Amino acid sequence: MRTREEELKGLGADFTFGFIQVMDGEKDPRNLLVAFRIVHDLISRDYSLGPFVEELFEVTSCYFPIDFTPPPNDPYGIQREDLILSLRNVLASTPRFAEFLLPLLIEKVDSEILSAKLDSLQTLNACCAVYGQKELKDFLPSLWASIRREVFQTASERVEAEGLAALHSLTVCLSRSVLSADAEDLLDSFLNNILQDCRHHLCEPDMKLVWPSAKLLQAAAGASARACDYITSNVLPLLLEQFHKHSQSSQRRTILEMLLGFLKLQQNWSYEDKDQRPVNGFKDQLCSLVFMALTGPSTQLQLVGIHTLTVLGAQPDLLSSEDLELAVGHLYRLSFLEEDSQSCRVAALEASGTLAALYPVAFSSHLVPKLTEELRVGESDLTRGDGPTQCSRYLCCLQALSAISTHPSIVRETLPLLLQHLCQVNKGNMVARSSDVIAVCQSLKQVAEKCQQDPDCCWYFHQTAIPCLLALAVQASMPEKEPSVLRKVLLEDEVLAAMVSVIGTATTHLSPELAAQSVAHIVPLFLDGNVSFLPENSFPSRFQPFQDGSSGQRRLVALLMAFVCSLPRNVEIPQLNQLMRELLELSCCHSCPFSSTAAAKCFAGLLNKHPAGQQLDEFLQLAVDKVEVGLGSGPCRSQAFTLLLWVTKALVLRYHPLSSCLTTRLMGLLSDPELGPAAADGFSLLMSDCTDVLTRAGHAEVRIMFRQRFFTDNVPALVQGFHAAPQDVKPNYLKGLSHVLNRLPKPVLLPELPTLLSLLLEALSCPDCVVQLSTLSCLQPLLLEAPQVMSLHVDTLVTKFLNLTSSPSMAVRIAALQCMHALTRLPTPVLLPYKPQVIRALAKPLDDKKRLVRKEAVSARGEWFLLGSPGS
């Protein structure tokens, strides 16, 4: 057929008849796959079927539905699904099979065999893509009756889903068919049948078949704009009436959820004339109903009301200005609900963000002024040091301001408001705690994230917020005659970390051209003390964080790190050579660990992005020399180790050749009496993802599969070092190994498991809780993915896991109980001898003082109780 198509077609229908005779009675699945492909080619390549259409259908349909179980160890790998799809491809390839196939499908859907129902409905779905009204006309009543029965009565969710999909496809098929002038429009009569059979269920007081009926109506309505208009215009008044007839919140929620489904379908279709939308005629009733739900006592009803309001708002030009004002008022109220309505408050904030992007004027006019006043009241409450209720409203206000910052015009109102609020802390006008400042920074970060999609908005945020934050921090770092507790809040570790996240988020999406403008101001600020671009830049003394600056000034290097380590790689940094040397010097300063760590991270972040060449080699040599001098002896050993760790990570991520030398140096420190435990924890840093520097979002060079490469290059040396190490040093090697394995993708670890499992089991005996937790986290998924290997060590695993259920650390107790739960996935015969012992031992954690531990104990013990029982 591939090489002699013309000659075969020249045989006419004789070739088709001959093939039918050859195929008749075939049973070998290999031959059937070939035969099905040939039949499909006969149809799709327009071979002459002559009078043999029915015979060709019969010779293929006799295999429907496919009932095939592949033999064990089948060398050909033919699966039942392969045969099903191949046969379906044939049956659904031509409308000429319709008169024979549709009765067969109806018969199989009405059978009691689940697989036959599923296959038939899926085949019907496929057929609708090639059929028209002519093929379906005589079978529509029977098809609808079969689908309706399956959705109303089935106990299988899969059959219900396939039935709904088939109904959707039928309606699509009827919607797209082109009619002649005198032809009957089957779509209207088909939809009318669906409505007649479903609408009375929507009005039943007990509401038993409400959801199946709604699903059927929505499946049909989602097929086309015509179907959607027809069904929606008939169903909406019915549901609106039912909402007011029922008084219980649960019933109202169900009706509103159905309304929401129909409203969502309306969004799929666009209308040239907005007045043609069926929803328009019911707009006032819908808004009244939604606002009634939002003021109801039920949280669940309020949630559905919020989602419905969002969908209504998404319909262009539907809501009037009065509706929007009311909607904004409700969302404002719901945004300040108490803790027990947290889900409702979160939904209200999300809805506010969605609608603010569509109606910025309404939110600027009605919500921003309210939040401004709320923030002012919050400031006065904080000034008086009021209690937790006021603080809660203050935090809700900050979250609401960030939530609605989804439109550039709103950002231009909310961003100055948040920054002005932050300035009040620096001026000492508020009794500010670090948590309050962090909350403002978190809101600023969320605004920055929302600005990332719009380049202009992103640049506005950057050039407005970054100078302001830097000015506040610089002001707070200046020496004062009378030390102010209020200002020093801005220099706390947690507050600076929150500011770092804001600056990093505001920088990552800048274009290289705009980033170059910004870097030309910020780097000279830190190197030369050039404060000219900062607002309110009259400071009492010079800003010199790298020279003789105070400890407070040196801490601000973290903000420099956030900026330069988030820049695109192709942005040139001015005075780079001086900057790298200053960072290197500060990284080994022992007087302020926070500053030295920030400098080391900044140095590593810049190294990672620097293009290969002589300058990079010079920076690396400077770093290695500094590390070796620092590690020798003296007060800077800890800082030199931190520098080594971050430089190693920067190079590991980009596969730099020097990374292997530095990793070997790090392994050598595992035997160091002072730095050994820290070196072991360092392997966790090397393998994990950072949040502030060396991130893909911050344009760092992170090569794919760097963890796998690190594992391959270094784990053999770690294992060898463990065996050769003295007894008191072995825990360090175990901890390092555990950190590497815990963060390794499990498919890479599984082939190496037999050789490494003994070390992991030994790590469980290590007294260090960090090692125990890391090892348990590594073992739990392995119990699920490699049960055969793990079952060889079941005696040791059971003993060690049970011992750890009494650990002083709650996290270790929980992880050990989760591993005991996972153990039940091993082969049952292996576990049964341990069942009585385990059930007795797991009785103790049932009385643990921590609820989360008790919860895991109940879950694990229940699984062990069921072990070996019928059906388990």
Side-chain angles (χ1 to χ4, degrees), residues 470 473-474 477-479 491 493 496 500 503 519 522-531 541-565 567 572-610 613-651 656 658 661-662 665-666 669 675 678 682 685 692-694:
L470 289 174
V474 169
S477 71
M478 290 295 163
L491 300 179
D493 293 1
L496 285 174
V500 161
I503 294 172
V519 78
I522 292 177
V523 172
L525 167 67
F526 282 85
L527 289 179
D528 308 324
N530 184 354
V531 297
S541 59
R542 287 200 66 190
F543 180 61
Q544 296 177 311
F546 288 117
Q547 278 78 39
D548 301 323
S550 64
S551 170
Q553 292 191 3
R554 285 199 295 271
R555 296 172 71 80
L556 301 193
V557 171
L559 305 184
L560 172 66
M561 171 201 77
F563 173 70
V564 296
C565 292
L567 292 170
E572 185 177 346
I573 296 175
Q575 307 177 67
L576 179 62
N577 193 45
Q578 181 189 350
L579 176 62
M580 295 295 273
R581 291 174 185 275
E582 296 285 9
L583 288 170
L584 201 55
E585 197 63 37
L586 182 57
S587 67
C588 288
C589 173
H590 64 88
S591 60
C592 180
F594 180 87
S595 307
S596 59
T597 301
K601 290 163 75 172
C602 188
F603 183 83
L606 293 171
L607 270 186
N608 173 268
K609 294 183 188 180
H610 200 287
Q614 182 181 352
Q615 190 175 38
L616 176 63
D617 295 339
E618 289 175 3
F619 290 150
L620 285 172
Q621 190 57 53
L622 286 171
V624 170
D625 293 344
K626 193 76 173 174
V627 165
E628 290 303 330
V629 170
L631 289 176
S633 60
C636 298
R637 291 198 77 211
S638 177
Q639 285 71 29
F641 165 74
T642 302
L643 176 62
L644 168 65
L645 199 56
W646 282 101
V647 171
T648 305
K649 183 173 179 66
L651 301 185
H656 192 280
L658 186 61
C661 301
L662 296 181
R665 183 73 178 93
L666 186 63
L669 291 173
L675 297 175
L685 175 67
D692 48 2
V693 294
L694 299 174

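Side chains are part of it too, since the values below use all heavy atoms of this structure and drop only hydrogens, waters and symmetry mates. Fair warning: this is a prediction, and the values are worked out from it, not measured in the lab.
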Inset, instruction - Walk me through it: do D692 and C565 pass the test side-chain contact (heavy atoms from CB on, under 4.5 Å)? - result: CA-CA 8 Å; D692 48 2; C565 292; over 6 Å; no

Inset, instruction - Tell me, please, which residues at least two apart from E628 pass salt bridge (Lys or Arg N to Asp or Glu O under 4.0 Å). - result: R665

Legend entry - Rounded distance [0.5 Å steps], CG in L525 versus CG in L559: 9.5 Å

Legend entry - V647: which of V624, L607, N608 passes side chain to side chain contact (heavy atoms under 4.5 Å, CB included): L607

Legend entry - side-chain contact (heavy atoms from CB on, under 4.5 Å) assessment of V523 paired with D528: CA-CA 8 Å; V523 172; D528 308 324; over 6 Å; no

Inset, instruction - Give, for atom CG of N530 and atom CZ of R542, the distance between the pair rounded to the nearest 0.5 Å. - result: 9.0 Å

Legend entry - Distance in Å, S477 OG paired with L470 CG, rounded so as to fall on 0.5 Å steps: 10.5 Å

Legend entry - Closest approach of L491 to A473 (non-hydrogen atoms, all atoms of both residues): CD2-O, 4.1 Å

Inset, instruction - Measure the spacing between CZ of F543 and CE of M478 and express it to the nearest 0.5 Å. - result: 6.5 Å

Legend entry - Heavy-atom side-chain proximity of F619 to L606 below 4.5 angstrom: no

Inset, instruction - Please list, chain by chain and in numerical order, all residues satisfying side-chain contact (heavy atoms from CB on, under 4.5 Å) with T597, sequence neighbours excluded. - result: K601, T642, W646

Legend entry - Audit row: D625, Q621, side chain to side chain donor-acceptor pair (under 3.5 Å) steps and yes/no: CA-CA 6 Å; D625 293 344; Q621 190 57 53; 2.9 Å; yes

Inset, instruction - Report the C-alpha distance between V627 and L662 in whole Å, list the side-chain angles of each, state the deciding distance to 0.1 Å, and finish with yes or no for side-chain contact (heavy atoms from CB on, under 4.5 Å). - result: CA-CA 10 Å; V627 165; L662 296 181; over 6 Å; no

Inset, instruction - Could you check if a side-chain atom of P574 sits within less than 4.5 angstrom of a side-chain atom of V519, using non-hydrogen atoms only? - result: yes

Legend entry - Contact summary for C588 and C636, nearest pair of heavy atoms: O-SG, 3.0 Å

Inset, instruction - Please report the shortest heavy-atom distance between R637 and L631, naming the atom on each side. - result: NE-O, 2.9 Å

Inset, instruction - Could you tell me which non-hydrogen atom of C589 sits nearest to which non-hydrogen atom of S596, and how far apart they are? - result: O-CB, 3.5 Å

Inset, instruction - Can you see which heavy atom on L560 is nearest to which on F546, and at what distance? - result: CD2-CZ, 4.0 Å

Inset, instruction - Kindly compute the distance separating NZ (K626) from CD (E585), expressed to the nearest 0.5 Å. - result: 3.5 Å

Inset, instruction - Look at atom CD of Q615 and say whether more than 12 heavy atoms of other residues, nucleotides or ligands are closer to it than 6.0 Å. - result: yes

Legend entry - Closest non-hydrogen atom pair between L694 and G605, with its separation: CD2-CA, 3.9 Å

Inset, instruction - Show your reasoning for whether side-chain contact (heavy atoms from CB on, under 4.5 Å) applies to L669 and L644. - result: CA-CA 11 Å; L669 291 173; L644 168 65; 3.8 Å; yes

Inset, instruction - Please round to the nearest 0.5 Å and tell me the distance separating atom OG of S551 and atom CG of L556. - result: 10.0 Å

